[in-house]
Protein chains: 2
Amino acid sequence: MQITRETDYAIRCILYLAGKDGNSAVVGEISRDQAVPRTFAAKIMQKLHKAGLVVSTRGVKGGYTLNRTPEEITLLEIVEAIEGPISINICVIDKNSCERQPHCNVHPVWVEIRDLLVEKLRSYTLDKLINNNPPSGDNTTGRRRA
Amino acid sequence: MQITRETDYAIRCILYLAGKDGNSAVVGEISRDQAVPRTFAAKIMQKLHKAGLVVSTRGVKGGYTLNRTPEEITLLEIVEAIEGPISINICVIDKNSCERQPHCNVHPVWVEIRDLLVEKLRSYTLDKLINNNPPSGDNTTGRRRA
DNA sequence: GTTTTTAAGACAAATTTTATCCTAATTATA
DNA sequence: TATAATTAGGATAAAATTTGTCTTAAAAAC
Ligand code: SF4
Ligand code: SF4
């Protein structure tokens with residue numbers, strides 16, 4: 001019940017773009033900075049491109065750029081771009097995958113947990129991750145509040 | 001990000017015990033009733049035994065029996081008996097697994113999600129799953145409340 | 001002592017994960 | 001126009017995990 005390395009890498013990659021001025025970089029740079037194997041990173045960027053999260057430019061001066069602002073991209077979108085729809089158990093995305101589903105008391109639990117995951121992942125935007133926004137009510141910087 | 005077939009099977013198996021009078025059965029019966037491959041079910045029951053969720057008796061008249069009441073066994077325990085400690089990403093159970101962890105802004109998100117999962121899985125007991133307890137405030141039986 | 005059951009570990013096929021490699025296609029610019 | 005730098009896409013493959021099976025032993029009842 002884990003995300004894959006690929007998904008972790010994908011988050012690193014797109015978060016690197018989000019943190020850069022211009023939200024733009026080439027695969028080589030992303031790979032180096034984020035310690036993601038280069039050819040693997042290339043494949044990952046292609047997936048993020050197909051999912052519409054980044055735009056690509058070929059040729060000299062090419063590279064990848066965020067297709068939206070960091071406030072508008074969520075962890076959920078990144079995870080789903082790599083792994084497909086979130087499902088904690090096969091029956092959650094495909095009821096036909098299990099003939100026991102119609103009379104299974106556990107099935108609704110997995111649906112509930114899936115919904116919980118989706119909601120939580122959607123609540124985190126790249127923006128929040130970069131600025132490490134503390135939950136409201138927290139004040140860990142030690143600065144005085146207004 | 002899915003539970004394995006083995007874990008799904010394990011829940012079926014132990015839930016079958018919980019639903020039976022005496023909370024007891026042999027592997028052959030469990031396997032047949034729950035459509036779990038027999039030798040695989042045998043291995044699963046061994047894991048549940050090692051986790052202390054069931055007791056075993058060898059020989060004629062042997063079999064497996066719940067080691068506690070269905071009210072006292074949670075989904076969390078079953079999942080962890082099969083898959084080990086819940087971790088949505090490697091860094092959650094082993095910080096040393098990723099050298100980026102000390103300055104990673106995503107790490108706390110996975111910890112938070114792990115905690116959420118643990119809490120939710122712990123809230124479901126075998127008892128609740130058998131009786132399909134509706135959330136409080138629900139009244140799907142159509143019976144009038146007191 | 002025969003039958004029924006679990007215990008434990010070796011074995012193995014299938015699938016998924018984690019990549020790499022190669023050949024285009026595209027773009028800037030010398 | 002050639003060349004260099006970049007992404008696009010598909011084939012390939014090693015490693016790890018999942019999903020089982022098989023075999024032998026141990027225990028218990030009868
Ligand atoms: S047995 Fe229930 S929980 Fe398991 S796959 Fe089938 S429907 Fe889903
Ligand atoms: S990069 Fe962050 S989230 Fe990913 S494994 Fe490392 S610590 Fe965990």
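Note that this is a predicted model, so its numbers are computed, not measured. In what follows, every chain begins at residue 1, and chains take the letters A, B, ... in the order their sequences are listed.
Contact footprint of chain B on DNA chain C: nucleotides with an atom under 4.0 Å from a non-hydrogen protein atom, first to last in 5' to 3' order, C:dT3 to C:dG9.
No side-chain donor-acceptor contact under 3.5 Å links A:Thr74 to the backbone of A:Thr125. Checking side-chain atoms of B:Asn105 against main-chain N and O of A:Leu129 turns up a donor-acceptor pair under 3.5 Å.
For DNA chain C, the neighbouring residues in residues 36-50 of chain B, judged by any heavy atom under 4.0 Å, are B:Lys43, B:Gln46, B:His49, B:Lys50. Looking at residues 6-34 of chain B, you'll see B:Glu6, B:Tyr9 sit with a heavy atom under 4.0 Å from some atom of DNA chain D. Scanning residues 59-68 of chain B for heavy-atom distances under 4.0 Å to DNA chain D yields B:Gly59, B:Val60, B:Lys61.
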Please output the side-chain donor-acceptor pairs of residues 84-96 of chain B that fall under 3.5 Å, not counting sequence neighbours, one pair per line with the distance.
from, atom 1, to, atom 2, distance (Å)
B:Ser87, OG, A:Gln2, NE2, 2.7
B:Asn89, OD1, A:Arg5, NH2, 2.7
B:Asn89, ND2, A:Asp8, OD1, 2.8
B:Asp94, OD1, B:Asn96, N, 3.1

Name every donor-acceptor pair, under 3.5 Å, that has one atom in a side chain of residues 106-121 of chain B and the other anywhere in the protein, sequence neighbours excluded.
from, atom 1, to, atom 2, distance (Å)
B:Glu112, OE1, A:Tyr124, OH, 2.3
B:Glu112, OE2, A:Lys120, NZ, 2.7
B:Lys120, NZ, A:Glu112, OE2, 2.7

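Hydrophobic side-chain contacts under 4.5 Å tie B:Val26 to no other Ile, Leu, Val, Met, Phe, Trp or Tyr residue.
Grouping the Ile, Leu, Val, Met, Phe, Trp and Tyr side chains by contacts below 4.5 angstrom, directly or via other members, places B:Val55 apart from B:Ile78.
The interatomic distance linking B:Arg58 (CZ) with D:dA27 (P) rounds to 6 Å, in whole Å.
At D:dA8, one or more side-chain N or O atoms of A:Ser56 fall inside 4.0 Å of OP1 or OP2 (strictly under the cut-off).
Here ring-ring contact (aromatic ring centres under 6.0 Å, His included) pairs that include residues 27-81 of chain B, with residues two or more places apart or in two chains, are B:Tyr9-B:Phe40. Among pairs with a residue in residues 59-83 of chain B, those fulfilling salt bridge (Lys or Arg N to Asp or Glu O under 4.0 Å) read B:Arg68-B:Glu77, at least two apart in sequence or across chains. Applying the salt bridge (Lys or Arg N to Asp or Glu O under 4.0 Å) definition to pairs two or more places apart or across chains, those involving residues 18-43 of chain A are A:Lys20-A:Glu29.
Scored by the side chain to side chain contact (heavy atoms under 4.5 Å, CB included) test, A:Glu99 finds no partners at all (sequence neighbours excluded). In this view, B:Ala81 and B:Leu48, B:Ala51, B:Leu53 satisfy the side chain to side chain contact (heavy atoms under 4.5 Å, CB included) rule, not counting sequence neighbours.
Of the listed residues (B:Leu66, B:Leu126, B:Ile73), just one forms a side chain to side chain contact (heavy atoms under 4.5 Å, CB included) with B:Leu17, and that residue is B:Leu66.
A:Asn23 approaches A:Ala18 most closely through the heavy-atom pair OD1-O, 3.2 Å.
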